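Accompanying notes for the structure given below.
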There are 2 protein chains.
Amino acid sequence: MSLRQMEYFVTVVEADSFTRAAELLHVTQPALSHQIKALERHVGGPLLERLPRGVRLTPMGRAFLPHAEVAVRSAAQADRAARAAAGAQEGELHVAAVHAVAAGLLPRVVARWRRERPGMELVLHEYGRDEELDDAMERGVADLAVGHGGAGAAARTVLGEEEVVVVLPPGDRLAGGPVRLADLAGRDWIRCAMEPVVEGRPFIDLACARAGFTPRTAVRTEHTSTAVAMAAAGAGIAAVPSYAVPEAVPTTPLTPPWRRPLHTWSRTPFTGPAAALLPYLTAALP
Amino acid sequence: MSLRQMEYFVTVVEADSFTRAAELLHVTQPALSHQIKALERHVGGPLLERLPRGVRLTPMGRAFLPHAEVAVRSAAQADRAARAAAGAQEGELHVAAVHAVAAGLLPRVVARWRRERPGMELVLHEYGRDEELDDAMERGVADLAVGHGGAGAAARTVLGEEEVVVVLPPGDRLAGGPVRLADLAGRDWIRCAMEPVVEGRPFIDLACARAGFTPRTAVRTEHTSTAVAMAAAGAGIAAVPSYAVPEAVPTTPLTPPWRRPLHTWSRTPFTGPAAALLPYLTAALP
DNA sequence: CCGTCCCATAAACATTCTGCATGGACAGGG
DNA sequence: CCCTGTCCATGCAGAATGTTTATGGGACGG
């Protein structure tokens, strides 16, 4: 059983097609067919069903896939880590984050990094929710993650604190000045799927419960940026990290201020470019 | 870069010798030399220094090793998972646990398993402390772990509760009847390296502090069984899980009883033999 | 200074992988 | 109903890769 066979298998599953996977892998389709067959012979049974349209995992394939994914990703990480340790100024650094962080915080980081280290390419992996990010990191998709998870990671440090601010409808009477959470009782809330879960309850539920009310949910969005856009359009109010809000949209701070730590973590100790990125990240936090 | 090259590399590091690694891998030494060299050529620099006696990791090697290990172990797990899913009654199931659990709890489990499923071989991986077990599981050494860690694992269930009992010197006046922790103030304690850390302090420190005293440490042992043997020999008292104590050694329960949950976990959902082992484990807990 | 241990190198041989050409199964359209 | 396009499997030759056997060189210890 070879790494290549596993890589081929993972790609076929992702592409849902032998032919497309062969293109992605830059090999001919017969070569790929052959390797998958060899892999199936090795493990002693079929890993996927060939359907007229696409493929389907067999129970064996389902059992095999997650481990194979880890193996393939880890091999790629090993490669990058070694090259980076050689002091290579060229290569790739894979960074994983939830969409809000990637869109709100990383642009400045990426800009500076690219300016000061051309040649070292940053590859971003974006996820909708903190849980997906955590899962992906455990599967080894990236060298480094930025976000609110990473509990139990081998290496993890606090980058700084993000401040949660409120986006109010345009012209709202409370706009500008600091507001107490309790002042926002009775409003329509725009909720976000990526809200972290604390003590078994979504973040905002918990905070509002402590402020003495239950938030009424108007909309649930997938991405934080969507929530901001909705709030800016007057659909309700949203409580989001300050970096998720574009310059043009006015925000309202909370009193007392609501902060939470932002972490970076990795499956192995920070080395090479991953370590070099840390100060860039810290500097990007207000 | 191939899986084999990474496997060879990991083995050389473990064996601290090309020649011994070649024997372990059942290949000749030149074949191994050749592959390591090819791997080093691939990543663009040396991964290890060849010393007159043994090898030493270069910084590149140090960066490469942990990822390579994950890749190699995950590939092996993928293999086993697929074979198991095929309904194979033969194969291997790798189980990881701390020594005390392996020695105290698993023998009965293994005995029954072997009786009812000959052909499916159990491979045990033993660790001195819960932290080492957690680390090893993240590196993918086993299909299943039994112990007190596993926070953040993809699959994790409670097997039951273990009871912590006290081993007193032979003929101690408190022997037999339930004792309160506070009654044990002023005794010499035999401490164990595998004591879990709760709230940043060793388990026993915390419990004794709550009972109003600071335990005086007589000895620190590596393994729980050593601690039990010492206590049984009259070197002091030890508080250990009941399953860690041999039949012949009398134990004294605590009042109120001191229990803690015992978990099993895995990096992926329980399937095949791993799932089949769960009831065996549950049944083994009193 | 010589023997031993350990790893590197060279060349022959064996294995494995790939690409090309081709064939069979299936679904949709005329 | 047949034709055609899509998709995956198979057979075979050439290329690439891995392994073995044989040999060489450097470090250490007596």
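What you see is a predicted model, and the numbers here were worked out from it, not measured in a lab.
Taking CZ from A:F64 and CG from A:L39, the interatomic distance works out to 4.5 Å, rounded to the nearest 0.5 Å. Taken to the nearest 0.5 Å, the CD atom of B:Q35 stands 5.0 Å off from the CD atom of B:Q5.
Across D:dA9, D:dT20, C:dG19, the shortest atom-to-atom separation from the side chain of A:V27 is found for C:dG19. Out of D:dC8, D:dC7, C:dC7, the shortest distance to the side chain of A:F18 is found at D:dC8. In the set C:dC6, D:dC7, C:dT18, the nucleotide with an atom closest to the side chain of B:R20 is C:dC6. Picking from C:dG19, C:dC17, D:dC8 the nucleotide with the shortest atom distance to the side chain of A:Q5 gives C:dC17. The side chain of A:Q29 approaches D:dA9 more closely than any other nucleotide in the set C:dC6, D:dA9, C:dC17. The side chain of B:S17 approaches C:dC7 more closely than any other nucleotide in the set C:dG19, C:dA27, C:dC7. You'll find that the side chain of B:A31 is closest to D:dT19, out of D:dC7, C:dG19, D:dT19. With D:dA27, C:dT9, D:dT20 as the choices, the nucleotide that has an atom nearest any side-chain atom of B:P52 turns out to be D:dA27.
Using a 4.0 Å cut-off between charged nitrogen and carboxylate oxygen, A:R139 and A:D135 do not count as a salt-bridge pair.
For A:Q35 and C:dT15, the CD to C1' distance is 13 Å, given to the nearest whole Å. Between the NE2 atom of B:H26 and the P atom of D:dT20 there is a distance of 12 Å, given to the nearest Å. Separating the NE2 atom of B:H34 from the P atom of C:dT15 is a distance of 18 Å, rounded to the nearest angstrom. Straight-line distance from the CZ atom of A:R4 to the C1' atom of C:dC17: 6 Å, rounded to whole Å. The separation between A:H42 atom NE2 and C:dC17 atom P is 12 Å, rounded to whole Å. The CD atom of A:E49 sits 15 Å away from the C1' atom of D:dC8 (whole-angstrom rounding). Rounded to whole Å, the distance from CG on A:L32 to C1' on C:dC20 is 16 Å. Here the P atom of nucleotide D:dC28 and the CG atom of B:L51 are 10 Å apart, to the nearest Å.
Residue-level contact check: A:P30 touches the bases, meaning some heavy atom is under 4.0 Å from a base atom. Among the atoms of the strands shown, base atoms are found under 4.0 Å from some heavy atom of A:T28. Residue contacts for B:S2: at a heavy-atom cut-off of 4.0 Å it reaches no nucleic acid atom on any strand shown.
Distances shorter than 4.0 Å separate none of the side-chain N or O atoms of B:R53 from OP1 or OP2 on C:dC5. For D:dC8, neither phosphate oxygen OP1 nor OP2 lies less than 4.0 angstrom from any side-chain nitrogen or oxygen of A:S33. For C:dT18, the OP1/OP2 oxygens have a side-chain nitrogen or oxygen of A:Y8 closer than 4.0 Å. Close to D:dC8, at under 4.0 Å from its OP1 or OP2, lies no side-chain N or O of A:K37. Taking 4.0 angstrom as the limit, B:R50 places none of its side-chain polar atoms (N or O) nearer than this to OP1 or OP2 of D:dA27. In this structure, A:T19 reaches the D:dC8 phosphate: one of its side-chain N or O atoms is under 4.0 Å from OP1 or OP2.
Between the side chain of A:R50 and the main chain of A:S17, no donor-acceptor pair closer than 3.5 Å is present. A:W265 places no side-chain N or O within 3.5 Å of a backbone atom of A:D134 that could act as its donor or acceptor partner.
Listed by chain and residue number, A:H263 satisfy the side-chain hydrogen bond (donor to acceptor under 3.5 Å, both in side chains) test with A:R156 (two or more places apart in sequence, or in another chain).
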